[in-house]
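Report on one structure; see the data block that follows.
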Amino acid sequence: MTTSTNAPTGPGAPAPPVPPGPNGEAGSVLHIDLKAVYYGKFKAVRDSALDVKKGTITAFIGPSGCGKSTVLRSINRMNDLVRGFRFEGKIRFRGRDVYESAVDPVAVRRYIGMVFQQPNPFAMSIFNNVAFGLRLNGYKGNLNERVEQALRSAALWDEVKDKLRQSGLALSGGQQQRLCIARAVATEPEVLLMDEPCSALDPIATVKIEELMQDLKKKHTIVIVTHNLQQAKRVADTTSFFYVDTTQGGRTGYLVETGPTKELFSNPREPHTRDYVAGAFS
Ligand SMILES: Nc1ncnc2c1ncn2[C@@H]1O[C@H](COP(=O)(O)OP(=O)(O)O)[C@@H](O)[C@H]1O
Ligand SMILES: [Mg+2]
(Lines give C-alpha, C1' and ligand atoms only; values in the text may rest on other atoms or scores of the structure.)
(Ligands and ions follow the chains in the order given, each with its own letter.)
Protein backbone atom coordinates (compact mmCIF):
# COMPACT_ATOMS: atom_id res chain seq x y z
CA MET A 1 0.00 0.00 0.00
CA THR A 2 1.56 3.26 -1.03
CA THR A 3 0.03 5.22 1.84
CA SER A 4 1.60 3.09 4.51
CA THR A 5 4.27 5.42 5.73
CA ASN A 6 4.14 8.10 8.34
CA ALA A 7 6.33 10.12 6.05
CA PRO A 8 4.84 13.04 4.19
CA THR A 9 4.13 12.43 0.55
CA GLY A 10 5.08 15.81 -0.86
CA PRO A 11 8.45 16.82 -2.29
CA GLY A 12 11.20 17.58 0.20
CA ALA A 13 9.80 21.03 0.65
CA PRO A 14 9.73 23.02 3.87
CA ALA A 15 7.32 21.69 6.47
CA PRO A 16 3.77 22.92 6.03
CA PRO A 17 2.27 24.79 8.99
CA VAL A 18 0.55 22.54 11.51
CA PRO A 19 0.34 21.09 15.02
CA PRO A 20 1.50 20.67 17.64
CA GLY A 21 -0.39 23.19 19.70
CA PRO A 22 1.27 24.55 22.83
CA ASN A 23 0.02 22.07 25.38
CA GLY A 24 -3.00 19.93 25.84
CA GLU A 25 -4.93 18.96 28.92
CA ALA A 26 -2.51 18.30 31.73
CA GLY A 27 -0.24 15.48 30.63
CA SER A 28 -2.44 14.58 27.68
CA VAL A 29 -0.92 14.32 24.25
CA LEU A 30 -4.15 13.29 22.57
CA HIS A 31 -7.68 14.06 23.45
CA ILE A 32 -10.13 12.11 21.33
CA ASP A 33 -13.70 13.32 21.29
CA LEU A 34 -15.26 11.35 18.47
CA LYS A 35 -18.94 11.87 17.74
CA ALA A 36 -19.26 9.76 14.62
CA VAL A 37 -17.24 8.24 11.83
CA TYR A 38 -18.88 7.34 8.54
CA TYR A 39 -17.81 5.37 5.51
CA GLY A 40 -20.31 6.72 3.01
CA LYS A 41 -23.70 6.29 4.69
CA PHE A 42 -22.47 3.64 7.10
CA LYS A 43 -21.84 4.86 10.63
CA ALA A 44 -18.87 2.78 11.69
CA VAL A 45 -18.18 4.33 15.13
CA ARG A 46 -20.12 6.59 17.48
CA ASP A 47 -19.55 8.55 20.72
CA SER A 48 -16.07 7.63 21.85
CA ALA A 49 -13.89 9.85 24.01
CA LEU A 50 -10.57 9.32 25.66
CA ASP A 51 -7.39 11.04 26.75
CA VAL A 52 -3.97 9.65 25.97
CA LYS A 53 -1.26 10.59 28.44
CA LYS A 54 2.26 11.40 27.40
CA GLY A 55 4.74 8.53 27.52
CA THR A 56 2.15 5.82 27.98
CA ILE A 57 0.99 2.84 25.96
CA THR A 58 -2.74 2.63 25.34
CA ALA A 59 -4.23 -0.56 23.92
CA PHE A 60 -7.47 -0.69 21.94
CA ILE A 61 -9.17 -4.05 22.36
CA GLY A 62 -12.55 -5.42 21.32
CA PRO A 63 -14.19 -7.80 18.87
CA SER A 64 -13.56 -7.61 15.16
CA GLY A 65 -15.41 -4.80 13.38
CA CYS A 66 -15.97 -2.62 16.46
CA GLY A 67 -13.97 0.26 14.98
CA LYS A 68 -10.56 -0.02 16.61
CA SER A 69 -8.65 0.51 13.37
CA THR A 70 -11.09 3.20 12.28
CA VAL A 71 -10.46 5.21 15.43
CA LEU A 72 -6.72 4.63 15.26
CA ARG A 73 -6.55 5.72 11.63
CA SER A 74 -8.67 8.77 12.40
CA ILE A 75 -6.06 10.01 14.85
CA ASN A 76 -3.46 10.82 12.18
CA ARG A 77 -6.00 11.40 9.42
CA MET A 78 -4.92 8.27 7.60
CA ASN A 79 -8.58 7.60 6.85
CA ASP A 80 -8.80 10.80 4.81
CA LEU A 81 -7.44 8.64 2.04
CA VAL A 82 -10.52 6.41 2.13
CA ARG A 83 -13.32 7.42 -0.21
CA GLY A 84 -16.50 8.32 1.68
CA PHE A 85 -14.77 8.68 5.05
CA ARG A 86 -16.20 11.40 7.27
CA PHE A 87 -15.16 12.29 10.81
CA GLU A 88 -17.36 14.22 13.22
CA GLY A 89 -15.86 15.44 16.46
CA LYS A 90 -12.42 16.58 17.48
CA ILE A 91 -9.06 14.99 17.92
CA ARG A 92 -6.78 17.30 19.81
CA PHE A 93 -3.08 16.71 19.50
CA ARG A 94 -1.39 18.82 22.17
CA GLY A 95 -4.48 20.96 22.28
CA ARG A 96 -4.93 21.51 18.56
CA ASP A 97 -7.70 19.82 16.61
CA VAL A 98 -6.08 17.88 13.77
CA TYR A 99 -9.33 18.24 11.80
CA GLU A 100 -9.12 22.06 11.77
CA SER A 101 -9.33 23.31 8.23
CA ALA A 102 -5.89 24.96 8.37
CA VAL A 103 -4.21 21.68 9.25
CA ASP A 104 -2.45 19.73 6.54
CA PRO A 105 -3.08 15.99 7.09
CA VAL A 106 0.33 15.16 5.66
CA ALA A 107 1.97 17.18 8.39
CA VAL A 108 -0.19 15.50 11.03
CA ARG A 109 1.33 12.19 9.98
CA ARG A 110 4.77 13.61 10.56
CA TYR A 111 3.93 14.10 14.23
CA ILE A 112 1.78 11.01 14.56
CA GLY A 113 3.41 8.04 12.83
CA MET A 114 1.99 4.65 12.06
CA VAL A 115 2.97 1.00 11.90
CA PHE A 116 0.67 -1.50 10.20
CA GLN A 117 -0.37 -5.08 10.66
CA GLN A 118 1.54 -6.42 7.68
CA PRO A 119 5.18 -5.39 7.64
CA ASN A 120 5.43 -3.24 4.54
CA PRO A 121 8.99 -2.16 3.84
CA PHE A 122 9.46 -0.35 0.57
CA ALA A 123 11.23 -2.18 -2.25
CA MET A 124 14.50 -0.43 -1.54
CA SER A 125 17.54 -0.87 0.67
CA ILE A 126 17.34 -1.04 4.45
CA PHE A 127 19.12 2.31 4.64
CA ASN A 128 16.80 3.99 2.17
CA ASN A 129 13.72 2.66 3.91
CA VAL A 130 14.76 4.41 7.10
CA ALA A 131 16.02 7.52 5.33
CA PHE A 132 12.84 7.83 3.28
CA GLY A 133 10.84 10.19 5.49
CA LEU A 134 13.92 12.17 6.46
CA ARG A 135 14.72 12.88 2.81
CA LEU A 136 11.16 13.86 2.04
CA ASN A 137 11.33 16.26 4.94
CA GLY A 138 14.48 17.78 3.52
CA TYR A 139 16.45 16.67 6.58
CA LYS A 140 19.74 18.62 6.68
CA GLY A 141 21.59 16.79 9.45
CA ASN A 142 23.80 13.72 9.32
CA LEU A 143 21.68 11.12 7.55
CA ASN A 144 23.97 8.20 8.45
CA GLU A 145 23.79 9.00 12.14
CA ARG A 146 20.08 9.46 12.08
CA VAL A 147 19.48 6.17 10.26
CA GLU A 148 21.69 4.35 12.74
CA GLN A 149 19.86 5.96 15.64
CA ALA A 150 16.47 4.93 14.25
CA LEU A 151 17.65 1.36 13.65
CA ARG A 152 19.00 1.24 17.20
CA SER A 153 15.69 2.55 18.51
CA ALA A 154 13.97 -0.29 16.68
CA ALA A 155 16.43 -2.87 18.11
CA LEU A 156 17.53 -3.78 14.60
CA TRP A 157 20.93 -2.13 14.23
CA ASP A 158 23.07 -5.09 15.31
CA GLU A 159 21.32 -7.40 12.88
CA VAL A 160 21.59 -5.14 9.82
CA LYS A 161 24.58 -2.86 10.33
CA ASP A 162 26.67 -4.84 7.84
CA LYS A 163 24.02 -5.01 5.15
CA LEU A 164 22.41 -1.58 5.04
CA ARG A 165 22.48 -1.59 1.24
CA GLN A 166 20.56 -4.84 0.96
CA SER A 167 16.87 -4.87 0.24
CA GLY A 168 14.51 -4.42 3.17
CA LEU A 169 12.37 -7.12 1.61
CA ALA A 170 15.09 -9.74 2.21
CA LEU A 171 14.67 -9.51 6.00
CA SER A 172 12.54 -11.89 8.08
CA GLY A 173 8.98 -10.85 8.96
CA GLY A 174 9.93 -9.74 12.46
CA GLN A 175 12.92 -7.81 11.16
CA GLN A 176 10.77 -6.21 8.48
CA GLN A 177 8.34 -5.02 11.13
CA ARG A 178 11.20 -3.56 13.16
CA LEU A 179 12.43 -1.88 9.97
CA CYS A 180 8.97 -0.32 9.59
CA ILE A 181 9.22 0.85 13.19
CA ALA A 182 12.65 2.35 12.44
CA ARG A 183 11.19 4.08 9.40
CA ALA A 184 8.32 5.43 11.50
CA VAL A 185 10.50 6.72 14.34
CA ALA A 186 13.24 8.20 12.11
CA THR A 187 11.31 11.45 11.78
CA GLU A 188 10.75 11.46 15.56
CA PRO A 189 6.98 11.47 15.69
CA GLU A 190 5.63 12.26 19.13
CA VAL A 191 2.93 9.63 18.83
CA LEU A 192 3.24 6.16 17.33
CA LEU A 193 0.10 4.33 16.24
CA MET A 194 0.40 0.56 15.83
CA ASP A 195 -2.39 -1.48 14.30
CA GLU A 196 -1.97 -5.13 15.34
CA PRO A 197 1.77 -4.89 14.69
CA CYS A 198 2.48 -8.46 15.82
CA SER A 199 -0.42 -10.35 14.32
CA ALA A 200 1.60 -11.45 11.29
CA LEU A 201 4.61 -12.44 13.41
CA ASP A 202 5.73 -15.59 15.21
CA PRO A 203 5.87 -15.65 19.03
CA ILE A 204 9.59 -14.86 19.25
CA ALA A 205 9.33 -11.88 16.92
CA THR A 206 6.28 -10.79 18.91
CA VAL A 207 8.19 -10.81 22.20
CA LYS A 208 10.91 -8.69 20.57
CA ILE A 209 8.39 -6.06 19.48
CA GLU A 210 6.71 -6.06 22.87
CA GLU A 211 10.06 -5.52 24.61
CA LEU A 212 10.91 -2.84 22.09
CA MET A 213 7.69 -1.00 22.88
CA GLN A 214 8.82 -0.49 26.46
CA ASP A 215 11.88 1.34 25.14
CA LEU A 216 9.94 3.26 22.53
CA LYS A 217 7.54 4.67 25.06
CA LYS A 218 10.38 6.62 26.68
CA LYS A 219 10.35 8.83 23.58
CA HIS A 220 6.97 8.23 22.00
CA THR A 221 3.43 7.98 23.21
CA ILE A 222 1.99 4.75 21.80
CA VAL A 223 -1.51 3.65 20.87
CA ILE A 224 -1.76 0.02 19.81
CA VAL A 225 -4.66 -2.02 18.47
CA THR A 226 -4.43 -5.64 19.51
CA HIS A 227 -6.80 -8.58 19.36
CA ASN A 228 -4.54 -10.33 21.82
CA LEU A 229 -5.74 -9.69 25.36
CA GLN A 230 -2.56 -11.09 26.86
CA GLN A 231 -0.57 -8.65 24.80
CA ALA A 232 -2.65 -5.74 26.07
CA LYS A 233 -2.07 -6.95 29.61
CA ARG A 234 1.67 -7.26 29.01
CA VAL A 235 2.36 -3.97 27.28
CA ALA A 236 -0.34 -1.40 27.97
CA ASP A 237 -0.62 1.10 30.79
CA THR A 238 -4.16 1.95 29.76
CA THR A 239 -6.70 -0.14 27.90
CA SER A 240 -9.79 0.95 25.97
CA PHE A 241 -12.49 -1.60 25.23
CA PHE A 242 -14.57 -1.12 22.08
CA TYR A 243 -17.68 -3.07 21.28
CA VAL A 244 -20.27 -3.45 18.56
CA ASP A 245 -23.61 -4.89 19.50
CA THR A 246 -24.73 -6.79 16.42
CA THR A 247 -27.59 -8.62 18.15
CA GLN A 248 -30.05 -5.81 17.39
CA GLY A 249 -28.95 -5.53 13.78
CA GLY A 250 -26.66 -2.59 14.59
CA ARG A 251 -23.08 -2.50 13.45
CA THR A 252 -21.87 0.78 14.90
CA GLY A 253 -18.94 0.39 17.23
CA TYR A 254 -18.26 2.53 20.29
CA LEU A 255 -15.85 2.89 23.16
CA VAL A 256 -17.33 1.17 26.20
CA GLU A 257 -14.72 2.05 28.79
CA THR A 258 -11.13 3.04 29.35
CA GLY A 259 -9.06 2.38 32.43
CA PRO A 260 -5.70 1.39 33.82
CA THR A 261 -5.02 -1.99 32.22
CA LYS A 262 -4.91 -3.97 35.47
CA GLU A 263 -8.19 -2.50 36.60
CA LEU A 264 -9.95 -2.95 33.29
CA PHE A 265 -9.09 -6.62 33.28
CA SER A 266 -9.60 -7.35 36.97
CA ASN A 267 -12.52 -5.09 37.73
CA PRO A 268 -14.31 -3.86 34.60
CA ARG A 269 -17.19 -1.48 35.14
CA GLU A 270 -19.34 -2.54 32.20
CA PRO A 271 -20.96 -5.94 31.58
CA HIS A 272 -19.79 -6.08 27.95
CA THR A 273 -16.21 -5.53 29.07
CA ARG A 274 -16.58 -8.16 31.75
CA ASP A 275 -17.81 -10.75 29.23
CA TYR A 276 -15.10 -9.88 26.76
CA VAL A 277 -12.15 -10.02 29.13
CA ALA A 278 -13.52 -13.24 30.56
CA GLY A 279 -13.03 -14.64 27.06
CA ALA A 280 -16.75 -15.03 26.41
CA PHE A 281 -16.19 -14.06 22.81
CA SER A 282 -13.37 -12.83 20.65
N1 LIG B 1 -12.52 1.47 4.16
C2 LIG B 1 -13.71 1.09 4.64
N3 LIG B 1 -14.83 1.26 3.91
C4 LIG B 1 -16.03 0.88 4.39
N5 LIG B 1 -16.23 0.32 5.59
C6 LIG B 1 -15.15 0.12 6.36
C7 LIG B 1 -13.83 0.49 5.93
N8 LIG B 1 -12.95 0.16 6.91
C9 LIG B 1 -13.69 -0.39 7.89
N10 LIG B 1 -15.00 -0.42 7.57
C11 LIG B 1 -16.09 -0.93 8.42
O12 LIG B 1 -16.10 -0.18 9.62
C13 LIG B 1 -16.35 -1.04 10.72
C14 LIG B 1 -15.19 -0.96 11.69
O15 LIG B 1 -14.06 -1.54 11.07
P16 LIG B 1 -12.61 -1.52 11.72
O17 LIG B 1 -12.32 -0.17 12.20
O18 LIG B 1 -11.69 -2.11 10.72
O19 LIG B 1 -12.81 -2.52 12.95
P20 LIG B 1 -11.74 -3.31 13.83
O21 LIG B 1 -10.40 -2.74 13.57
O22 LIG B 1 -12.21 -3.14 15.24
O23 LIG B 1 -11.85 -4.75 13.41
C24 LIG B 1 -16.58 -2.45 10.15
O25 LIG B 1 -17.97 -2.64 10.01
C26 LIG B 1 -15.88 -2.38 8.81
O27 LIG B 1 -16.48 -3.26 7.89
MG1 LIG C 1 -8.64 -3.56 12.79
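As the structure lists them, so they are numbered: ligands from 1, and atoms in each ligand from 1.
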Check your understanding: Does Tyr276 have its ring centroid less than 6.0 Å away from the ring centroid of Phe241?
Key -> yes
Point to revise | Within less than 2.8 Å of the Mg ion (ligand 2): protein N, O or S atom count | key: 1
Point to revise | Approximate separation, where rounding is to 0.5 Å, of Asn76 CG and Leu193 CG | key: 5.0 Å
Point to revise | Value rounded to 0.5 Å, distance of OG in Ser153 from CZ in Arg178 | key: 13.0 Å
Practice item. Inspect the contact between Glu88 and Arg86 and indicate whether a charged nitrogen and a carboxylate oxygen are less than 4.0 angstrom apart. Key: yes
Study note, to complete from the structure: Phe87 meets the ring-ring contact (aromatic ring centres under 6.0 Å, His included) criterion, sequence neighbours left out, with Tyr99
Practice item. Write out the protein residues near ligand 1, meaning a non-hydrogen atom under 4.0 Å from one of its atoms, in order of chain and number. Key: Tyr39, Phe42, Ala44, Pro63, Ser64, Gly65, Cys66, Gly67, Lys68, Ser69, Thr70, Val82, Arg251
Exercise for review: May I ask you to decide whether Lys54 forms a salt bridge with Glu190, counting only side-chain N to carboxylate O separations under 4.0 Å?
Suggested key: yes
Point to revise | side chain to side chain donor-acceptor pair (under 3.5 Å): pairs with one or both residues in residues 195-213, sequence neighbours excluded | key: Ser69-Asp195, Gln117-Ser199, Glu196-His227, Glu210-Gln231, Glu210-Arg234
Practice item. Compute both the distance and the angle, then confirm whether Arg183 meets the cation-pi test with Phe122: under 6.0 Å from the six-membered ring centre, within 45 degrees of the axis. Key: yes
Check your understanding: With a cut-off of 6.0 Å (strictly less than), are more than 12 heavy atoms of other residues, nucleotides or ligands near NZ of Lys262?
Key -> no
